[in-house]
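Input: a single structure, listed below in structure tokens.
In each ligand, atom 1 is the first atom listed, and ligand 1 is the first ligand listed. All residue numbers refer to positions in the sequence shown, counting from 1.
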Amino acid sequence: TATNVENKTEDGESRRDFLLLATSAVGAAGVAGAIWPFVDSMNPAADVLALSTTEVDISQIEEGQSVTVVWRGKPVFVRHRNAEEIEQAAKDDSASMVDVQKDADRVQKPEWLILIGVCTHLGCVPLGQKPGDPRGDFGGWFCPCHGSHYDTSGRIRKGPAPLNLAVPPYEFLDDEHVKIG
Ligand code: FES
């Protein structure tokens, strides 16, 4: 289960990032994530920050599936959306919901959704909603800490979280690889 990470320690951001890593469900990139607090504590120059990009092979992610990778110590959700999810994103375009897919780069590949998996309330890691979930059928992510809901585009549909899930910088290197950061 995720941990409320409101507690701040002397090294602030680094500590928070480490806790987020520890609470994410996926440990595959744990080594890279684990060294980040040490790199960060040395206040690295820009060339060192280049190390903080993460390349993801998306060729094995099937429609309707997500993977979680670690970028700068934070979980990032990479989701291969199905046609229904893409359609849903277009339908729910109400004024209160900023569509994170509107940016030109992202519209190029609407089947891919890439989001920072950190709740915009107090920083817990939202969990993917499963069909038949008693919380309702909204298909996106819910935050186990205080109950915020995000839809299948990462848009807030129930607080207390104030904002949509953030979109990290990313670039498709080719049809099978995306670079985050
Ligand atoms: Fe409070 Fe997510 S951290 S709802």
Taking N164 for its side chain and I156 for its backbone only, find out whether a donor-acceptor pair lies under 3.5 Å. yes

Got a sec, which residues hit side-chain hydrogen bond (donor to acceptor under 3.5 Å, both in side chains) with D57, two or more places apart in sequence or on another chain? S59

Polar side-chain atom of W112 near backbone of V78 as donor-acceptor pair, under 3.5 Å: no

Can you pull out every salt bridge (charged side-chain N to carboxylate O under 4.0 Å, His left out) where at least one residue sits in residues 163-176? Sequence neighbours excluded, please. K109-D175, E171-K179

How would you list, by chain and number, every residue that makes a side-chain hydrogen bond (donor to acceptor under 3.5 Å, both in side chains) with H80, sequence neighbours excluded? none

Within a distance under 2.8 Å of atom 2 (Fe) of ligand 1, the protein atoms of type N, O or S are C119 SG, C143 SG

Would you tell me whether C145 and C124 have their SG atoms within less than 2.5 Å of each other? yes

